Amino acid sequence: MKLPSIPLALLACVLLTGAGCKSPNPPAPTPRTSSAEAPASGANIQTVSGNHRGRLAASHEPGTFDFYLLNLSWSPEFCHTHPGNPQCAARPGFIVHGLWPQNNDGTYPEHCSGMAKPPNAAAYMDIMPTIDLILHEWQTHGTCTGLNPEGYFSRIRTAFRSVAIPSMFAATQTPPSSIKPDALLAEFRQANPTFPPESFALSCGNNYLTAIEVCFDRRLKPEACQNVRSCRANVIKIAPR
């Protein structure tokens, strides 16, 4: 019978001491990661890893898109891996990540040209938590809407204020540590009975809630999402505040 291979350091420890010994090279623990990652530049800006819901569109002409996707990020999950980000000090719940132009075929435009940056980004901190995030979202998504900065952030404000957040996520409440995706979406549908049920989608990373997304037409009327797939986990975890 072939004996299993034993590291020499471990074998020597057993022979000399007769005691139980730990392996000299234990496997490193796998850290929990979030789907929110800092960009390659190193700036501590909340962004969603991977594609922004689909694949890049062939056209990046400002104003050429079909609908908006409002991304409401669950801030505690981002703050788990970015505790030093300015947005984390206030321990918020859902925050506006952005309002993203999307196409019905699952594509999206990004970084459209010819649009100046917001002259007063601080004016929009009532709806988005940091200047860095405001500037990032404008450059990446706002430039593709065909709107000027004031028009774009005014639309974000209108869309965000139209969505009711379920009471289970109120600042005075402690949300469940885990929940089925369908049950969480049902909470948002119940809190927003005038919205089409299919207008809500759920985003997750490593089985943790990262965002709730809401689809609007170009006039900011809620509509059923097209080619926006929800998290397929059986159960998702919710990071505490």
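Remember, it's a predicted structure, so these values are computed and weren't measured experimentally.
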Student: Are Y68 and W100 close enough that their ring centers fall under 6.0 Å?
Tutor: no
Student: Check for a donor-acceptor pair, side chain of S162 on one end and backbone N or O of A159 on the other, with a separation under 3.5 Å.
Tutor: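 Looks like yes, one N/O pair under 3.5 Å.
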Student: Between D182 and R189, is a salt bridge (charged side-chain N to carboxylate O under 4.0 Å, His left out) present by the stated rule, with each step listed?
Tutor: CA-CA 10 Å; D182 286 346; R189 291 165 182 157; 5.7 Å; no
Student: Run the side-chain contact (heavy atoms from CB on, under 4.5 Å) check on I238 and S178 step by step: do they pass?
Tutor: CA-CA 6 Å; I238 301 178; S178 63; over 6 Å; no
Student: Distance-only, no hydrogens or angles: does the Y152 side chain make a donor-acceptor pair with backbone N or O of C144 under 3.5 Å?
Tutor: no
Student: Can any side-chain N or O of N71 pair as donor or acceptor with the backbone N or O of H97 at less than 3.5 Å?
Tutor: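 No; zero donor-acceptor contacts below 3.5 Å.
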Student: Is the NZ or CZ atom of R218 both under 6.0 Å from the centre of the six-membered ring of F67 and within 45° of that ring's axis?
Tutor: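 No, R218 does not sit over the ring of F67.
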Student: In the structure I gave you, are the side-chain heavy atoms of L220 and R155 within less than 4.5 Å of one another anywhere?
Tutor: yes
Student: Could you check, using the six-membered ring where one of them is a Trp, whether Y108 and F65 have ring centers closer than 6.0 angstrom?
Tutor: no
Student: Mark yes or no for whether T143, through its side chain, and M115, through its backbone, hold a donor-acceptor pair below 3.5 Å.
Tutor: no
Student: Closer than 3.5 angstrom, by distance alone: can the side chain of N85 be matched with the main-chain N or O of Q87 as a donor-acceptor pair?
Tutor: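 Yes: the side chain of N85 pairs with the backbone of Q87.
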Student: For the side chain of H136 and the backbone of D132, is there at least one donor-acceptor N/O pair under 3.5 Å apart?
Tutor: no
Student: Show the numbers, then the answer: is there a ring-ring contact (aromatic ring centres under 6.0 Å, His included) between F188 and F94?
Tutor: CA-CA 12 Å; F188 273 85; F94 283 104; 5.6 Å; yes
Student: Any sub-3.5 Å donor-acceptor pair from N192's side-chain atoms to F195's backbone N or O?
Tutor: no
Student: Hey, are the side chains of E213 and L70 touching, using non-hydrogen atoms and a 4.5 Å cut-off?
Tutor: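 Side-chain contact under 4.5 Å: no.
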Student: Please check: side-chain N/O of H60 versus main-chain N/O of P109, any donor-acceptor pairing under 3.5 Å?
Tutor: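 Looks like no, no N/O pair under 3.5 Å.
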Student: CZ of R161 to CG of D126: how many Å apart, nearest 0.5 Å?
Tutor: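 Reported to 0.5 Å precision, the distance equals 5.5 Å.
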Student: What closest approach, in Å, do N148 and W138 show between heavy atoms, and which atom pair accounts for it?
Tutor: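 Result for this residue pair: C-CH2, 3.8 Å.
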Student: Can any side-chain N or O of S203 pair as donor or acceptor with the backbone N or O of A211 at less than 3.5 Å?
Tutor: no
Student: For K180 and N234: C-alpha separation, side-chain torsions, deciding distance, then whether side-chain contact (heavy atoms from CB on, under 4.5 Å) applies.
Tutor: CA-CA 6 Å; K180 292 184 177 180; N234 291 326; over 6 Å; no
Student: For H141 versus L99, what's the shortest heavy-atom pair and its separation?
Tutor: CB-O, 4.0 Å
Student: Between T107 and N103 (side chain of the first, backbone of the second, donor and acceptor by atom type, cut-off under 3.5 Å), is there such a pair?
Tutor: no
Student: According to the interplanar angle, ranging from 0 to 90°, do the rings of Y124 and F153 count as parallel (below 30°), tilted (30 to 60°) or perpendicular (above 60°)?
Tutor: parallel
Student: Is the closest side-chain heavy-atom distance between P92 and W74 below 4.5 Å?
Tutor: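 P92 vs W74: side chains apart.
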